[in-house]
Structure formats: C-alpha cells, structure tokens
Amino acid sequence: MTSVNRKGGYGRFVSTIISAVDLLIFNLAFYVTVISSPEIYNHGSLRVIWLLVDVAYVPVAYWSSQSRRARSIYMENVLVNSLVAVSVHALFFMAMLTFLGINDMSFGNYGEFYGITFVALPLWWILSRLIVKRFRKRGRNFLRVVIVGTNATARRLYAELSGDASYGYRVYGFFGNNTEDGLPARYLGEIGQLKDYILSHSIDEVFYALTDGDDDNLAYVTKTTDDCVTKLYYVPQIPHTVPRNFQMYKVGSMPVISTRSNPLHSMVNRALKRTFDVVLSCVFLLVSPVVFIPIAIAIKMSSPGPVFFIQRRTGYRGCTFPCIKFRTMRVNQDADTLQATERDPRKTRVGDFLRRTNLDELPQFVNVFLGQMSIVGPRPHMLKHTEDYTRLVDKYMVRHVVKPGITGWAQVNGYRGLTDELWKMERRVEYDVWYIENWSLPLDLKIVVLTAFKAFLPDKNAF
C-alpha cells in the first residue's frame, strides 16, 4: 500500500478550533444568564440544562461546518449566519427542555442567553476569519494543489486559486500532454507523471480542467487520486456567455445549470421579503397623514393640478402598473416620455425639493402594500425607457425578474436620476442584477438605512 505524507493541514485544526470557540461562546453566554438568574443557579436541574446547552450545539456545528471555508465577512452575511446558528440552537434546546419537562427558564432568560450569543458569535466569526486570512497570506495553513490541463479554463482556474493568498491554495503547476507557452506557473509534466508527483510533494487536491471527451485521461486521474487519497475536483468547461454565479440542479439523475441565480425563487425568501414589505408599508401608511397633508398643501399652492402623478411603468416580469408619486412638475404633455433634467423648467420649486429629498416617492408605499412594488428593488422605469433600453443594454430585462422598489442598490451607490448617457443605464442595470443575484433580508435593511441617511445629504444626481 502506498503511503502519503501529509504536511499541509489546511482546515484540519482551524475549523475545529473555531467550532470549539463557538461552543465556548454558547457556554459563556449561558453562564452569564445563570449568574444573573438565581432561580436557575439554585435549581437542581442546572447541570442537566447546561449539558443540553452543549448537546444543542451539535446541529449548529454540523450546519456551520458545511459553509465554514466559504464564510464571508460581509456584515449582512455574518448576521444571517449568526441568526441561523442561534435559531437552530434555540429550536433544539427548547425542544429537549420541553421533552424532559424542565421549565426553569423564563422568556427573559432565553432572551438574555440568545441575545448575548447573537452579539458574540458574529464578532468572533469576523475576528477568526481575519486571523485565518492573515495566516494564509503568510504562507501557512494552505492546500497543495496541481491543475490537470493547460487550456484557457485551466489558466482562469489558476488565476482564481492564486489571486488571493488568503484562500489558502498553493498551486504548484500544471500537468498536460500538450505543452503550451506562456503558462502562469510551472509545467510539471505529462499526465502519466501525476501519481509520482502527488506522492513526492504531498499534494492535497487535484483540479481536472481538460476539455470534455478526454475520458481515458479522466479515468486515469480519478484512479490516481483515489489511490493517493487525494481530493479530485472536476472543472466543467463553462463558456463565457454563462454567468459565473450559475446554480447546479438535477432533473432526475441529469445535472443541469441555471444560468441566473435568484434567491427570491425560493418561496421562503419571497415570504420573508413580502412580510418585510407589508409590515413596513403598514407602519408608514398609518403615520403617513402627518407627512402627506403638508406636502399635498404645498403642491396645490405651487401650481394648479392634481397632488399625485400616476404613471404607467414596467414592473414584475414586464407587466405594467400605475406608479404613484407626488406631482413635482407643472402639468405637461411630455411627462411620460421626457426625463427631468437639473434645470428643467417644468419643475416647481416645491417639486424640486421633493425630488432632491426623495419625498416624491413616498406614495409608492401604497404600491408596495398592494403588492405591485417592494420597498427595495430595481427602480421602475417609464415604458418608453423599457422599450428603448431593452435593445441597447445587455441584461436590461433581467431587472424585472423581481418586483421594482422604492429604493434600490443602484440608487444608494449613486446611480439614480437622469440617464442621458448609455453607460449610466448600463451601470444601473449592473447594480440591479447584482442585487437580484445576492438578495438577502439584511441587504434590504442595509439599503433602507442607506437611503434614509442619504436623504439628508446633497446628491448631484437628484433632480
């Protein structure tokens, strides 16, 4: 039997250490809860309850281990992960207490216990991620990797693996039967030499990036990695026309690729977003007369005409809907075809103020309540813009796979207002598509907070 000397250690102890500190956080949080609650501290079943705190961590550890290596330090993702971890623990912990008939903890105890945990976990995860990244940048805690293939896909793979040292990959080079010039790393030899190299250099992972149809080579590499107890990853030949964030599904036993990631395809995510929209719109509409009445009076005094401006715009899946705004212009025939400019003579003084502060959009909370819009999403455009930009901007209609929003990711990043140049609309669409593919409830909250903050700051694009 061939022995393999492993010196790497990528994730072998790091994941265990991080999980151990996770468990320690749950125990410390429970300790603080116990110390501040004498009724639990003095109860005879304290040891049993404490044991259940640790037992309930088992499903949390299993869940977190599935995504430990790819954990992001983006705040919204950390908060979601922390919320899931706390919720999973609470579900199992309370279920076991109920099953054993232990009712010594009050709702206040639960709130204190999980409140401390929810604060401490994300702080530790961010800190641990930064520590691990620093170690990997210094050449420690890495995976030894080789790539089978020398084609364009193999080179792109090399760029991704070695582009950030914090990922923990050390790419030794390429294997291939056809030598090509200009490889970004060493050419290590023909595929038949792979086994000897794996054994002599303690390779941890092999990435197979040859084109489809090389069945003999794939069979050899698979057997070699099995014999050497080395992980093998097959890199599919994905053309440039397919976005990088595709998703893999199965139809029966046949794998298929979805070329567009959309978290809101999930019924649970749609329900979360709709609940967020309904709750926020109801709260606002209940207090809206305090804001609407003074604005309505100011509009009527500024120029003759209605208080509200209702325009057909493109919404979910390309369907049109009546978008409601406060009227900011004098009544004119070009309102449905011509965008407002900075010194547009059609605007009233009141209307100019409403536009710069986004107050003209507030009536769209009615659209949100009716289900025609969302609080956050791509901004709805007038029908003429949809007709024109569908022909000019790639992926323009992708932004309609979700409901339009009162505010959006493009708007808080500075792409709002006039789109007098094509590149401005292209950038807006780019941000909208990114939002769709990376949606999360914390991201919506972040955009709402940024929108409220920017309402008090001057915006050169707001007119």
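Only heavy atoms go into these numbers, but all of them, side chains included; no hydrogens, no water, no symmetry mates.
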Can you confirm whether [X] sits close enough to [Y] that some side-chain heavy atom of one is under 4.5 Å from a side-chain heavy atom of the other?
X    : Y    : value
L188 : F174 : no
L232 : V221 : yes
V448 : F276 : yes
E112 : Y110 : no
S19  : Y57  : yes
R379 : Q411 : yes
V60  : D22  : no
I147 : F175 : no

Backbone N/O of [Y] and side chain of [X]: donor-acceptor pair under 3.5 Å:
X    : Y    : value
N367 : C323 : no
D204 : V145 : no
S200 : Y197 : yes
K403 : G315 : no
N27  : L23  : yes
N177 : I191 : yes
E437 : W434 : no
R170 : L143 : no

Is there a donor in the side chain of [X] and an acceptor in the side chain of [Y], or the other way round, less than 3.5 Å apart?
X    : Y    : result
H381 : Y389 : no
T314 : T386 : yes
Y172 : R144 : yes
S106 : N109 : yes
E361 : Q364 : yes
D432 : W409 : no

Please walk me through it: do S374 and D277 pass side chain to side chain donor-acceptor pair (under 3.5 Å)?
CA-CA 6 Å; S374 181; D277 288 341; 2.7 Å; yes

Take atom [atom1] of [X] as the centre, draw a 6.0 Å sphere, and report whether it contains more than 12 heavy atoms from other residues, nucleotides or ligands.
X    : atom1 : value
F369 : CZ    : no
F284 : CZ    : yes
R186 : CZ    : no
F92  : CZ    : no

From [X] atom [atom1] to [Y] atom [atom2], the distance as rounded to the nearest 0.5 Å:
X    : Y    : atom1 : atom2 : result
K424 : E426 : NZ    : CD    : 12.5 Å
T225 : D227 : OG1   : CG    : 8.0 Å
Y114 : T33  : OH    : OG1   : 9.5 Å
Y187 : T150 : OH    : OG1   : 7.5 Å
W124 : T117 : CH2   : OG1   : 15.0 Å
K325 : L362 : NZ    : CG    : 11.0 Å

Audit row: W439, N262, side chain to side chain donor-acceptor pair (under 3.5 Å) steps and yes/no
CA-CA 8 Å; W439 177 88; N262 182 359; over 6 Å; no

Applying the side chain to side chain contact (heavy atoms under 4.5 Å, CB included) criterion to F30, which one of L52, I116, V53 satisfies it?
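With F30 as partner, side chain to side chain contact (heavy atoms under 4.5 Å, CB included) holds for just one option, V53.
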
Of L199, I198, V206, which meets side chain to side chain contact (heavy atoms under 4.5 Å, CB included) against T224?
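Of the listed options, the one satisfying the test is I198.
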
Evaluate L370 against F321 for side-chain contact (heavy atoms from CB on, under 4.5 Å), listing each step before the verdict.
CA-CA 11 Å; L370 295 175; F321 73 98; over 6 Å; no

What are the two closest heavy atoms between [X] and [Y], and how far apart are they?
X    : Y    : result
P122 : S82  : CD-OG, 3.2 Å
I324 : P363 : CG2-CB, 3.6 Å
L285 : P289 : O-CD, 3.8 Å
R399 : Y396 : CG-O, 2.8 Å
A120 : I25  : CB-CG2, 3.7 Å
A185 : G173 : CB-CA, 4.2 Å

Taking it one step at a time, do H400 and Y316 satisfy ring-ring contact (aromatic ring centres under 6.0 Å, His included)?
CA-CA 5 Å; H400 298 104; Y316 181 58; 9.7 Å; no

Look at E160 together with R155 and state whether they make a salt bridge at an N to O cut-off of under 4.0 Å.
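No salt bridge links E160 with R155.
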
Under the ring-ring contact (aromatic ring centres under 6.0 Å, His included) criterion, do Y158 and F207 qualify, and how do the steps go?
CA-CA 10 Å; Y158 174 84; F207 287 83; over 10 Å; no

Mark yes or no: R427 above the aromatic ring of Y431, with NZ or CZ under 6.0 Å from the six-membered ring centre and no more than 45 degrees from the axis.
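Cation-pi check for R427 and Y431: fails.
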
Walk me through whether L194 and V146 qualify under side-chain contact (heavy atoms from CB on, under 4.5 Å).
CA-CA 9 Å; L194 177 64; V146 295; 4.0 Å; yes

Check the pair D444, K273 against salt bridge (Lys or Arg N to Asp or Glu O under 4.0 Å), reporting the backbone distance first and the verdict last.
CA-CA 9 Å; D444 274 4; K273 187 170 178 64; 2.7 Å; yes

Begin from the C-alpha positions of Y169 and S162 and carry the test side-chain contact (heavy atoms from CB on, under 4.5 Å) through to its verdict.
CA-CA 7 Å; Y169 293 109; S162 59; over 6 Å; no

Between M373 and I406, does a side-chain contact (heavy atoms from CB on, under 4.5 Å) hold up when you go through it step by step?
CA-CA 7 Å; M373 292 181 64; I406 297 177; 4.2 Å; yes

